[in-house]
*Asks:* 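What follows is a structure written as structure tokens; I'll ask about it next.
Along the sequence shown, the residues carry numbers beginning at 1. Numbering of ligands and ligand atoms starts at 1, following listing order. Only heavy atoms go into these numbers, but all of them, side chains included; no hydrogens, no water, no symmetry mates.
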Amino acid sequence: MIFRQMFDNVSSTYTYLLASRHGGEALLIDPVIEHTGRYLKLLEELDLRLVKVIDTHVHADHVSAMGKLRDATRCVTVMGEQSPADVVSMRVRDNEKLSIEGLTLTALHTPGHTSESYSFLMDDRVFTGDTLLIRGTGRTDFQNGDPYDQYHSLFERLLKLPEHTFVYPGHDYKGDTVSTIGEERAFNPRLNVSSADEYAEIMNNLNLPNPKMMDVAVPENLQIGLRLEAQHRVPSTEVEELLEMWPDVQVQMVDIREEGERRRDGAIPGSIHLPYRRFGAHCSEAGTLRNLSRNASLLIYCAVGERSTLAVEIANEHGLSNIAHMPGGFRAWKAAGGAVETVG
Ligand SMILES: [Fe+2]
């Protein structure tokens, strides 16, 4: 396995790079916008293809590199389903699996630092974001933070993991890089409490100043989709337009979400499934999409319209032209009352 821990010394943030092999797919956790070039260079040096980027939560102390990395690599952006960010390609639920080639992470909803904070467990290690830090825990005094939620996330979820599980936090201000669940259970002073009330008492009296970047970082991190619409202009057909014609739509609808998302949320009746992961191959000379596009106009949809935008760009680069996407994706379709069929 390829594993890198990278540090941003302005916000003391750790960013993690994971991949199963050279030449394969890679994933980044909590990238910082100022280091986008550094990540892209490292990916190239290690011969890796970035396919997913995760933010554990909406960060208040740095601007996420998710949007920039998506624009540069067409990777899939991932956050928990509770995230208030406008456009995140894929939203995971508690206990849901998230995969890239050769690696699988389990999403754990661990609210408290913020209401949408997630941790990600992978075999012998857990990426705890700002929920569990080394000999500390993330503050709970803004962005819907709640010390009682955090107490539950820590004591009922993270501390119940096997004690040898490595803890890789989202930050460290002292220079520590890794700990274990057993170590934190024994030596983390914040966890040396006998009740949720006692924990809340500590957390409610930290009196920390707001992060310097907060007023810039939070709004920026909530609108990673804005740049998507400005920078990637591709043909589209709005949900309303489709619903007016339904069921006589004169297009073949193509669902490019992952199988897990389809099973979880359902799909648009009559659509075919061609996952985004292999979209370039679908567009190639012998590819399914190229064959389909000979006989019909294609309408691509995903969860929220991010992957579908990038997919139309890829298709255009392969010379396919009668192809558009559905802005807002399956979320907008469902919200407008569009028909849904169960999958699997
Ligand atoms: Fe945070």
Side-chain angles (χ1 to χ4, degrees), residues 5-16 28-36 53-69 77-86 88 91-92 94 105 107-121 126-154 157-158 167-179 184 188 190-191 199-200 202-204 206-224:
Q5 182 179 36
M6 292 168 279
F7 188 60
D8 170 54
N9 57 12
V10 176
S11 62
S12 299
T13 299
Y14 282 128
T15 300
Y16 299 95
L28 278 168
I29 301 176
D30 288 336
V32 176
I33 196 162
E34 285 82 5
H35 302 299
T36 306
V53 182
I54 303 175
D55 264 1
T56 51
H57 61 289
V58 175
H59 297 285
D61 55 1
H62 68 270
V63 177
S64 167
M66 260 197 331
K68 256 192 153 176
L69 288 165
T77 57
V78 182
M79 287 190 83
E81 64 169 345
Q82 295 82 356
S83 170
D86 61 346
V88 176
R91 287 167 183 264
V92 288
D94 188 33
L105 283 71
L108 307 175
H109 185 211
T110 49
H113 169 60
T114 65
S115 52
E116 82 293 353
S117 286
Y118 271 72
S119 300
F120 291 88
L121 176 66
V126 60
F127 302 94
T128 53
D130 293 0
T131 303
L132 176 58
L133 305 175
I134 298 172
R135 309 299 192 265
T137 57
R139 60 194 298 177
T140 57
D141 56 339
F142 54 69
Q143 289 179 285
N144 298 321
D146 184 310
Y148 289 93
D149 286 350
Q150 194 170 53
Y151 180 87
H152 184 268
S153 296
L154 290 162
R157 303 297 302 272
L158 296 177
V167 172
Y168 284 101
H171 291 287
D172 194 88
Y173 304 95
K174 310 171 298 295
D176 291 322
T177 53
V178 60
S179 178
E184 292 310 309
N188 189 322
R190 293 255 175 98
L191 306 179
Y199 183 72
I202 295 175
M203 298 309 284
N204 288 336
L206 295 177
N207 298 320
L208 299 168
N210 278 346
K212 284 189 229 65
M213 283 285 288
M214 187 166 169
D215 295 338
V216 179
V218 172
E220 277 284 320
N221 290 334
L222 289 176
Q223 12 178 291
I224 66 162

*Asks:* Quick one, S153 and L158 - any side-chain contact, counting heavy atoms below 4.5 Å?
*Replies:* no
*Asks:* For a 4.5 angstrom cut-off between non-hydrogen side-chain atoms, does Q5 reach T177?
*Replies:* yes
*Asks:* Considering only heavy atoms from C-beta outward, does the side chain of T131 approach that of L108 to under 4.5 Å?
*Replies:* no
*Asks:* Which pair of heavy atoms, one from T13 and one from H62, lies closest together, and at what distance?
*Replies:* OG1-ND1, 3.3 Å
*Asks:* Just do the side chain to side chain donor-acceptor pair (under 3.5 Å) check on Q82 and S115 with the steps written out, would you?
*Replies:* CA-CA 7 Å; Q82 295 82 356; S115 52; over 6 Å; no
*Asks:* Everything protein-side that's N, O or S and under 2.8 Å from the Fe ion (ligand 1): list it, residue and atom.
*Replies:* H57 NE2, H113 NE2, D130 OD2
*Asks:* Can you measure from NE2 (H35) to CG (N9) and round to the nearest 0.5 angstrom?
*Replies:* 6.5 Å
